[in-house]
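Here's the structure we're looking at; comments come further down.
If you're wondering where the values come from, they're calculated on a predicted model, not measured in any experiment. Throughout, residue positions are numbered sequentially from 1 according to the sequence presented.
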Amino acid sequence: MQTSESLSKMAPAFLEAQKAITYALKDATNGHLKNRYADLPAVIDAIKPALNEAGISFIQSGSRSDDGKLHLTTRLMHESGEWMEDTLVMPLTKQDPQGYGSAMTYARRYGLAAITGLYQDDDDGQRAIQPAGNQSAPKKNLTQKDALHLIELLRTKQTNIQKIEAEYAIKPDQRQRLLDGAMA
């Protein structure tokens, strides 16, 4: 990792941002393995509001390399001008535009998650403990942490309400309470 000469303003701002970052929702499905994962927009949705609120922005760029691998640098920049960055090196399985694009998206997702300490929501463990054959059981237990995260999602992005409702099996009365919390 590389940093600016000083992190006296960046470090406390990053701490405040990390306190607000919870997890990325697994909102996509791998076509081959059929497992769920948090795609790049879900990762950005999970970190950007907290970072921006703390005066931190991010940029990511690929660099030229002679080793046939993708080198992607993720930089977090504080409004003071202080910064920290790291570079992820990823093999390219296909040496064509589609292979590069796929690797770039994958690297961006993992680079952002790694530098911010973001993790993916563990919905697999929740599904494993649901009673068999109980169709009315929620797809995910709605904990206080989940509710706070959902409120933040609703504050920042109103377009995925149906997806959120389906994942958390939210009933109409719960939706209204969450929306009321999001508007507070």
Side-chain angles (χ1 to χ4, degrees), residues 1-28 36-63 72-88 104-123 125-126 138-170 173-184:
M1 178 176 279
Q2 296 181 334
T3 68
S4 55
E5 194 169 308
S6 169
L7 292 178
S8 64
K9 293 180 176 56
M10 174 76 172
F14 186 68
L15 173 63
E16 287 307 307
Q18 250 192 353
K19 286 179 183 178
I21 295 171
T22 55
Y23 54 82
L25 291 175
K26 291 182 180 180
D27 61 349
R36 293 171 43 93
Y37 67 95
D39 63 7
L40 179 60
V43 169
I44 291 172
D45 287 347
I47 64 166
K48 189 176 177 182
L51 289 174
N52 291 170
E53 182 67 28
I56 301 171
S57 60
F58 67 88
I59 59 172
Q60 295 183 292
S61 62
S63 300
L72 180 88
T73 300
T74 301
R75 178 178 277 204
L76 299 181
M77 301 173 295
H78 187 257
E79 60 195 359
S80 67
E82 296 176 348
W83 55 271
M84 62 181 174
E85 71 180 20
D86 210 347
T87 300
L88 183 143
M104 176 68 84
T105 301
Y106 197 85
R108 288 188 65 205
R109 186 164 48 106
Y110 277 88
L112 282 170
I115 202 164
T116 60
L118 180 70
Y119 63 94
Q120 294 184 28
D121 172 33
D122 180 18
D123 60 348
Q126 290 295 328
K139 294 180 180 175
K140 178 171 178 60
N141 294 334
L142 191 60
T143 64
Q144 183 178 9
K145 181 179 174 183
D146 292 333
L148 292 173
H149 181 69
L150 289 172
I151 288 169
E152 186 58 33
L153 283 174
L154 291 169
R155 277 191 185 131
T156 59
K157 190 174 184 180
Q158 291 287 325
T159 58
N160 280 331
I161 290 175
Q162 289 81 12
K163 186 183 275 187
I164 291 168
E165 286 176 338
E167 180 163 344
Y168 287 86
I170 295 172
D173 61 319
Q174 290 175 311
R175 177 182 188 211
Q176 191 56 53
R177 286 196 306 271
L178 286 170
L179 288 171
D180 291 345
M183 301 306 157

For this session: Using atom types as modelled and distance alone, determine if a side-chain donor or acceptor of Gln18 lies under 3.5 Å from a backbone N or O of Thr116.
Result: yes
Exercise. Which atom pair, heavy atoms only, marks the closest approach of Leu88 to Ala107?
Worked result: CD2-CB, 3.7 Å
Exercise. Does one side chain, of Ser61 or Thr73, offer a donor that lies under 3.5 Å from an acceptor on the other?
Worked result: no
Problem set entry | All pairs passing salt bridge (charged side-chain N to carboxylate O under 4.0 Å, His left out) where residues 5-15 contributes a residue, at least two apart | none
For this session: With sequence neighbours left out, write down each residue that passes side chain to side chain contact (heavy atoms under 4.5 Å, CB included) with Thr105, or none if nothing qualifies.
Result: Leu40
Exercise. Quick one: are Trp83 and Gln2 in side-chain contact, heavy atoms under 4.5 Å?
Worked result: yes
For this session: Only counting residues at least two apart or in another chain, list the ones meeting ring-ring contact (aromatic ring centres under 6.0 Å, His included) with Phe58.
Result: none
Exercise. In Å, rounded to the nearest 0.5 Å, how long is the span from CG of Leu72 to CG of Asp86?
Worked result: 10.5 Å
Exercise. Nearest heavy-atom pair of Ala46 and Ala24: which atoms, and what distance?
Worked result: CB-CA, 3.9 Å
Problem set entry | Side chain proximity check, Ile115 to Met1, heavy atoms < 4.5 angstrom | yes
Seminar exercise, completed: Rounding to 0.5 Å, atoms CD (Glu16) and CD1 (Ile21) come to a distance of 11.5 Å
Problem set entry | side-chain contact (heavy atoms from CB on, under 4.5 Å) assessment of Leu118 paired with Leu112 | CA-CA 8 Å; Leu118 180 70; Leu112 282 170; over 6 Å; no
For this session: With sequence neighbours excluded, tell me which residues meet salt bridge (charged side-chain N to carboxylate O under 4.0 Å, His left out) with Glu82.
Result: none
Problem set entry | Qualifying residues under side-chain hydrogen bond (donor to acceptor under 3.5 Å, both in side chains), relative to Arg109, sequence neighbours excluded | none
Seminar exercise, completed: Applying ring-ring contact (aromatic ring centres under 6.0 Å, His included) to Tyr37 and not counting sequence neighbours gives none
Exercise. Can you tell me how far CE of Met10 sits from CD of Glu79, rounded to the nearest 0.5 angstrom?
Worked result: 11.0 Å
Exercise. Could you walk me through whether Arg108 and Val43 pass the side-chain contact (heavy atoms from CB on, under 4.5 Å) check?
Worked result: CA-CA 9 Å; Arg108 288 188 65 205; Val43 169; over 6 Å; no
For this session: Write down the atom of Phe14, the atom of Leu76, and the distance for their closest heavy-atom approach.
Result: CE1-CD1, 3.5 Å
